[in-house]
2 protein chains.
Amino acid sequence: MVLDDRKVKILMAIIDDYIKNAEPVGSGTIVKRYDIGVSPATIRNEMANLEELGLLLQPHTSAGRVPSEKAYRLYVNELMKKKQVGKAPISNIQDILRAKIDNPDELIREIARIVSKNTLYAAIVTKPHSEKSTIKYIQLINIDENSVLLVLVINKDIVKNHIFKANIVITQEKLDQISKVLNKNFINHSLKDINIELIHRVGVELVDYRNILAPILDVIANTIKGIDKQDCYVAGMKNILDFPEFNDLEKARDMMKFLEESEGILKILNMYQSDSDKIMVRIGSENGFSQVDKCSIISVKYNINDSMYGTIAIIGPTRMDYLNTVTLLNGLIKQVNGL
Amino acid sequence: MVLDDRKVKILMAIIDDYIKNAEPVGSGTIVKRYDIGVSPATIRNEMANLEELGLLLQPHTSAGRVPSEKAYRLYVNELMKKKQVGKAPISNIQDILRAKIDNPDELIREIARIVSKNTLYAAIVTKPHSEKSTIKYIQLINIDENSVLLVLVINKDIVKNHIFKANIVITQEKLDQISKVLNKNFINHSLKDINIELIHRVGVELVDYRNILAPILDVIANTIKGIDKQDCYVAGMKNILDFPEFNDLEKARDMMKFLEESEGILKILNMYQSDSDKIMVRIGSENGFSQVDKCSIISVKYNINDSMYGTIAIIGPTRMDYLNTVTLLNGLIKQVNGL
DNA sequence: GTTAGCACTCTACTCATTTGAGTGCTAACT
DNA sequence: AGTTAGCACTCAAATGAGTAGAGTGCTAAC
């Protein structure tokens with residue numbers, strides 16, 4: 001069924017008003033605030049039609065109307081494109097982010113803070129990770145008599161270090177020899193390739209150094225584990241409390257809990273974001289988790305140096321400023337991907 | 001003025017009860033739940049005395065009594081030491097933490113999570129930092145034609161890396177030469193020593209490499225900036241909402257805001273924790289910030305490898321389980337310091 | 001010094017009433 | 001046929017009176 005022009009106008013008015021004021025919109029309000037050009041009675045008739053189409057909901061008989069999930073979906077897919085964007089784009093943040101590029105933890109934290117500050121929703125940023133990471137370079141450095149620094153470069157430019165005590169005095173030359181063998185065997189191998197067999201082979205080749213080899217292989221193993229583990233940072237949780245839909249303490253608590261325990265969030269983000277590079281909007285029950293079935297999540301994939309991927313997402317009430325938020329993420333993602 | 005035995009008993013009963021139930025304690029309640037051995041009327045007389053001493057407060061004439069800040073202070077300084085600790089000490093977490101020791105961001109996050117989970121308050125952990133950090137080792141590594149990895153070891157075992165593109169092809173031998181000069185000039189210098197003059201001197205010595213030297217010195221400068229900047233991670237914000245004192249949404253919001261903006265927290269923690277290694281307890285207005293004048297903060301300094309310091313803190317309502325929390329932090333700090 | 005008795009205080013809760021925003025329907029109007 | 005004024009109706013939210021009950025302070029007796 002195609003909506004005629006007037007129905008669209010009225011629906012838009014209701015969505016806009018509800019996004020702004022969080023209160024059911026009545027026929028009188030529409031006439032007063034929006035220029036539709038008909039009387040409240042006519043609006044009421046149209047609203048009844050829109051309700052029949054599943055686009056509006058009535059909290060109770062004597063209240064105004066509220067957009068349904070279906071209405072938001074229509075708005076996001078079609079209607080909002082016709083509107084002008086009001087807010088200014090996000091200012092240049094590349095310099096700020098570039099200063100943190102060596103430390104993914106700080107990087108995602110900064111991104112999350114920027115996003116939450118600019119949207120006034122809660123922002124979630126997952127740590128960049130990669131499924132096909134390969135070892136690029138291994139180097140052992142003797143930093144004093146019995147401390148050895150292991151430097152591990154993954155992909156283009158992820159560096160992991162670990163300092164450990166060698167229980168014997170070992171010269172830089174010997175370390176170079178070990179490095180050489182490790183590089184020969186591990187370079188360009190994906191982290192997943194490094195299995196017992198490969199480690200055994202290295203062990204045989206470096207049999208003379210077996211007492212120092214163990215901690216090295218340990219670190220490599222731990223790094224692999226660490227890189228595969230997904231993690232995320234959440235900023236702007238306080239924004240959630242500003243929305244009237246979370247005035248109920250019980251609901252606020254549930255939401256906080258959900259945001260602090262990253263598992264649920266990560267599941268949702270992984271479920272939907274893995275494939276597409278586009279900005280994804282998931283409205284209410286589309287998220288598939290009861291804890292967030294009154295929330296919408298907007299997310300987008302970012303990548304750092306073509307090798308590591310993560311997700312930037314915001315979460316807020318279904319009554320969300322989709323247009324400005326999508327626009328803002330669009331501007332942001334270009335800056336992040338261009339780092 | 002010295003409190004007699006019975007007054008102490010009654011005060012303890014009120015504090016214990018109020019910590020547990022968050023409701024003003026009346027004379028009847030004390031008789032019912034605690035074994036003082038006198039009638040409610042006598043308790044009332046004593047309570048009036050304790051109120052005169054500034055140890056109890058009455059929210060309104062027909063309500064029970066509530067401990068004052070002075071009472072909590074007395075409790076923390078003197079009374080609670082006589083009590084037995086109920087809760088089990090924190091389980092061994094050294095293995096979990098040791099796995100994160102190479103990444104301070106992950107480390108403090110894990111600590112904060114453990115603390116908040118075990119205390120049910122909000123936990124704040126500052127990033128380890130040092131005022132007298134010195135450069136321990138600098139190494140430049142050629143990882144492919146025009147990518148150079150700079151490894152910077154600070155103190156015993158903080159490692160910072162940065163990969164940058166050299167706009168010329170440069171061999172490992174040349175990089176070694178540069179490393180040598182850098183080490184000669186920078187090793188054992190405190191980060192604060194590295195000033196324009198020193199940098200200039202290095203520039204002269206390495207005049208042949210001036211086009212690659214700039215990014216290197218940049219990274220060193222940035223690292224210095226980064227290490228000096230304090231930062232913290234907060235976990236368990238949702239716990240705050242579980243306390244009846246934050247049932248008021250306005251208060252909950254203020255608290256969340258305070259916890260998400262780290263400046264205030266860092267100020268408080270720095271103000272009090274900088275000198276002592278002991279566990280510090282600051283009650284209500286002692287914190288000096290109006291946003292937390294209904295909260296208590298318990299904090300303790302931790303150190304990693306004798307060179308980097310940070311603070312572990314919890315924040316909760318003044319009505320807080322001081323004894324168990326202090327005990328738990330005591331057990332925790334030993335494990336963290338022993339990493 | 002301790003306690004029973006009692007009048008008094010004050011909050012928190014209950015329940016009936018009112019208010020007002022908003023609706024749906026009908027009949028008249030264009 | 002579409003639009004609109006009029007009106008009875010609905011229901012949440014606000015208001016306000018009344019009540020219950022926890023707890024006090026004081027006095028007089030033990």
Side-chain angles (χ1 to χ4, degrees), chain A residues 2-11 13-18 20-68 244-245 247-249 251, chain B residues 2-11 13-15 17-18 20-68 244-245 247-249:
Chain A
V2 184
L3 294 177
D4 61 60
D5 237 36
R6 194 171 66 184
K7 280 196 181 59
V8 169
K9 251 188 176 173
I10 293 172
L11 184 60
I14 293 173
I15 294 175
D16 280 355
D17 205 80
Y18 190 65
K20 220 187 282 167
N21 303 312
E23 263 163 33
V25 189
S27 54
T29 311
I30 296 179
V31 171
K32 241 181 284 166
R33 297 192 195 151
Y34 302 85
D35 185 34
I36 313 284
V38 291
S39 76
T42 309
I43 306 258
R44 277 205 289 285
N45 288 334
E46 291 287 42
M47 290 203 298
N49 292 335
L50 288 167
E51 186 169 353
E52 229 166 281
L53 292 169
L55 292 167
L56 293 181
L57 298 172
Q58 219 174 358
H60 53 86
T61 38
S62 73
R65 297 312 206 287
V66 160
S68 69
E245 24 276 275
N247 274 355
D248 179 7
L249 258 174
K251 278 188 194 135
Chain B
V2 184
L3 295 176
D4 61 60
D5 238 38
R6 194 171 67 187
K7 279 196 182 61
V8 169
K9 251 186 174 171
I10 292 172
L11 185 59
I14 293 173
I15 294 176
D17 204 81
Y18 190 64
K20 219 186 283 166
N21 304 312
E23 264 164 29
V25 190
S27 53
T29 313
I30 295 179
V31 171
K32 242 181 284 165
R33 295 191 197 152
Y34 302 87
D35 185 33
I36 314 285
V38 290
S39 75
T42 309
I43 306 257
R44 279 204 289 284
N45 289 332
E46 292 287 43
M47 291 203 298
N49 293 333
L50 288 167
E51 186 170 353
E52 229 166 279
L53 291 167
L55 292 167
L56 292 182
L57 298 171
Q58 217 173 359
H60 55 87
T61 37
S62 73
R65 299 308 205 290
V66 160
S68 69
E245 24 275 277
N247 274 357
D248 178 9
L249 257 174

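Residue numbers begin at 1 in each chain, while the letters A, B, ... track the order of the sequences.
- Side-chain proximity of R44(B) to dT24(D), dT4(D), dA22(D): nearest is dT24(D).
- The nearest whole Å value for the distance from the CD1 atom in I36(B) to the P atom in dT2(C) is 13 Å.
- A close approach under 4.0 Å does not occur between any side-chain nitrogen or oxygen of S62(B) and OP1 or OP2 of dC8(C).
- Of the listed nucleotides (dT4(D), dA4(C), dG24(C)), dG24(C) has the atom at the smallest distance from the side chain of Q58(A).
- The interatomic distance linking D4(A) (CG) with dA1(D) (P) rounds to 17 Å, in whole Å.
- Summarising the geometry of P59(B) relative to G64(B), their closest heavy-atom pair is CD-O, 3.4 Å, with the distance given to 0.1 Å.
- More than 12 heavy atoms of other residues, nucleotides or ligands sit less than 6.0 Å from atom CD of E245(B).
- When rounded to the nearest whole Å, the span between CD of E46(A) and C1' of dC25(C) equals 17 Å.
- Within 3.5 Å, no donor on the side chain of T42(B) pairs with an acceptor on the base of dT2(C), nor the reverse.
- Of all nucleotides present, only dC8(C) satisfies the Watson-Crick or G-U wobble test against dG23(D), with each distance under 3.5 Å.
- Sequence order on DNA chain C of the closest nucleotides to R6(B) and H60(B) puts R6(B) first from the 5' end.
- In this structure, the CE atom of M47(A) is 7 Å from the P atom of dG24(C), given to the nearest Å.
- Using a 4.0 Å heavy-atom criterion, one finds that T61(B) contacts the sugar-phosphate atoms exclusively.
- Distance, N49(B) CG to dC26(D) P: 12 Å, rounded to whole Å.
- Between K7(B) and D4(B), the shortest heavy-atom contact is N-OD1, 2.9 Å.
- Remark: dT15(D) base-pairs with dA16(C). Criterion, Watson-Crick or G-U wobble with two distances under 3.5 Å.
- At whole-Å resolution of the value, CG in N247(B) and P in dA12(C) are 12 Å apart.
- Exactly one of L50(A), V25(A), D5(A) qualifies for a side chain to side chain contact (heavy atoms under 4.5 Å, CB included) with I10(A). That residue is L50(A).
- For the pair E51(A) CD and dG22(C) P, the interatomic distance rounds to 15 Å; values are reported in whole Å.
- One interatomic measurement links the two molecules: CD1 of I43(B) to P of dA4(C), which rounds to 12 Å at whole-angstrom precision.
- Sequence order on DNA chain C of the closest nucleotides to T29(A) and N45(A) puts T29(A) first from the 5' end.
- Around the CD atom of E51(A), the shell of radius 6.0 Å holds more than 12 heavy atoms that belong to other residues, nucleotides or ligands.
- As the counterpart of dC30(D), dG1(C) is assigned, both hydrogen-bonding distances of the Watson-Crick or G-U wobble pattern falling under 3.5 Å.
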